[in-house]
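First the structure, in the form of structure tokens, and then the observations on it.
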Amino acid sequence: KIVHIARARASVYFPAHFILIAAMNPCPCGYHTSKKSRCVCLSTDILRYKNKLSGPILDRIDLSVEVGEVEYTNLNTSKTLNTNETVSAVKRITQAREKQKIRFSSLDKGPHLNSEMSGDDLARISNISPEAAETLFQSASAFNLSMRSYHRVWKVSRTIADLENCDEIKKDHVLEALQFRKVEGLTR
């Protein structure tokens with residue numbers, strides 16, 4: 001949770017606990033997945049564009065979601081939020097955070113959230129079912145996941161299970177977490 005910057009005359013440490021939220025177009029012109037406009041990019045251009053994101057950077061992205069176009073007619077309308085759905089979502093998130101707090105309370109020091117667990121923490125306290133562990137292992141082999149990605153999928157699976165108020169990570173939790181590993185057609 002720190003960044004160390006070393007230069008010729010000085011070395012400085014800064015706190016650096018953050019969440020990265022990023023966006024990118026599906027291709028250089030931005031219309032590859034559009035239903036309204038025609039993409040003018042060659043397939044080689046699209047591949048070159050996607051490959052600008054290196055494997056090590058993709059490894060550090062836990063969740064990736066493709067978002068479609070927004071209709072112009074929806075931009076000027078004020079939509080009322082469904083308060084029941086909002087309250088329900090907030091309640092689920094609060095309960096999941098409480099589960100994590102209880103899970104990690106027995107540790108003297110270490111993680112406070114699923115995202116902070118080390119590989120040893122995952123194996124020791126994440127409570128993954130044998131079927132889910134096998135699915136995770138087979139998927140890691142099939143998709144050639146790095147160890148970092150393997151652990152990230154495991155952590156996201158634990159969080160999905162927490163959101164469902166489930167004490168054990170199940171196969172479906174792993175499969176859902178794997179869906180979030182996709183980044184513009186690239187899986188890491």
Pairwise ring pair (Phe, Tyr, Trp, His ring centres under 6.0 Å) hits with a residue in residues 1-44, at least two apart: His4-Tyr13
Under the salt bridge (Lys or Arg N to Asp or Glu O under 4.0 Å) test, residues paired with Asp172 that sit two or more places apart: none
Path from Met117 to Ile102 over hydrophobic side-chain contacts below 4.5 Å: no
Residues forming a side-chain hydrogen bond (donor to acceptor under 3.5 Å, both in side chains) with Arg152, sequence neighbours excluded: Asp62
Contacts of Glu164 that satisfy side-chain hydrogen bond (donor to acceptor under 3.5 Å, both in side chains) - sequence neighbours left out: His173
Steps toward side-chain contact (heavy atoms from CB on, under 4.5 Å) verdict (Asp162, Arg103): CA-CA 11 Å; Asp162 287 344; Arg103 180 179 306 120; 2.6 Å; yes
Connected via hydrophobic side-chain network under 4.5 Å: Leu122 and Met147: yes
Only pairs under 3.5 Å count here: list side-chain donor-acceptor contacts from residues 128-137, not counting sequence neighbours, and write none if there are none.
unit_1, atom_1, unit_2, atom_2, d
Ser129, OG, Ala132, N, 3.0
Ser129, OG, Ile169, O, 3.2
Glu134, OE2, Gln138, NE2, 2.8
Thr135, OG1, Glu131, O, 3.0

Partner residues of Glu69 under the salt bridge (Lys or Arg N to Asp or Glu O under 4.0 Å) criterion, sequence neighbours left out: none
Within residues 12-40 or reaching into it, pairs that qualify as salt bridge (charged side-chain N to carboxylate O under 4.0 Å, His left out) - sequence neighbours excluded: Lys36-Glu71
Minimum heavy-atom distance Cys29-Val40, with the two atoms named: SG-N, 3.7 Å
With Arg181, the side chain to side chain contact (heavy atoms under 4.5 Å, CB included) member among Leu58, Ile61, Val153: Val153
Side chain to side chain contact (heavy atoms under 4.5 Å, CB included) partners for Asn165, two or more places apart: Lys99
For Lys155, all residues meeting side-chain hydrogen bond (donor to acceptor under 3.5 Å, both in side chains), sequence neighbours excluded: none
Smallest separation among heavy atoms of Ile46 and Pro28, with atom names: CA-CD, 4.4 Å
ILVMFWY cluster membership beyond Leu163 - transitive side-chain contacts under 4.5 angstrom: Ile93
Heavy-atom check, side chain of Leu145 versus side chain of Leu178, under 4.5 Å: yes
Side-chain (Arg60) to main-chain (Pro56) donor-acceptor, under 3.5 angstrom: yes
Cluster check Leu20, Phe180: I/L/V/M/F/W/Y, side chain < 4.5 angstrom: no
Hydrophobic cluster partners of Ile19 (side-chain heavy atoms under 4.5 Å): Ile21
Listed once per pair and sorted, the salt bridge (charged side-chain N to carboxylate O under 4.0 Å, His left out) pairs that draw on residues 115-129, sequence neighbours left out: Lys1-Glu116, Asp121-Arg124
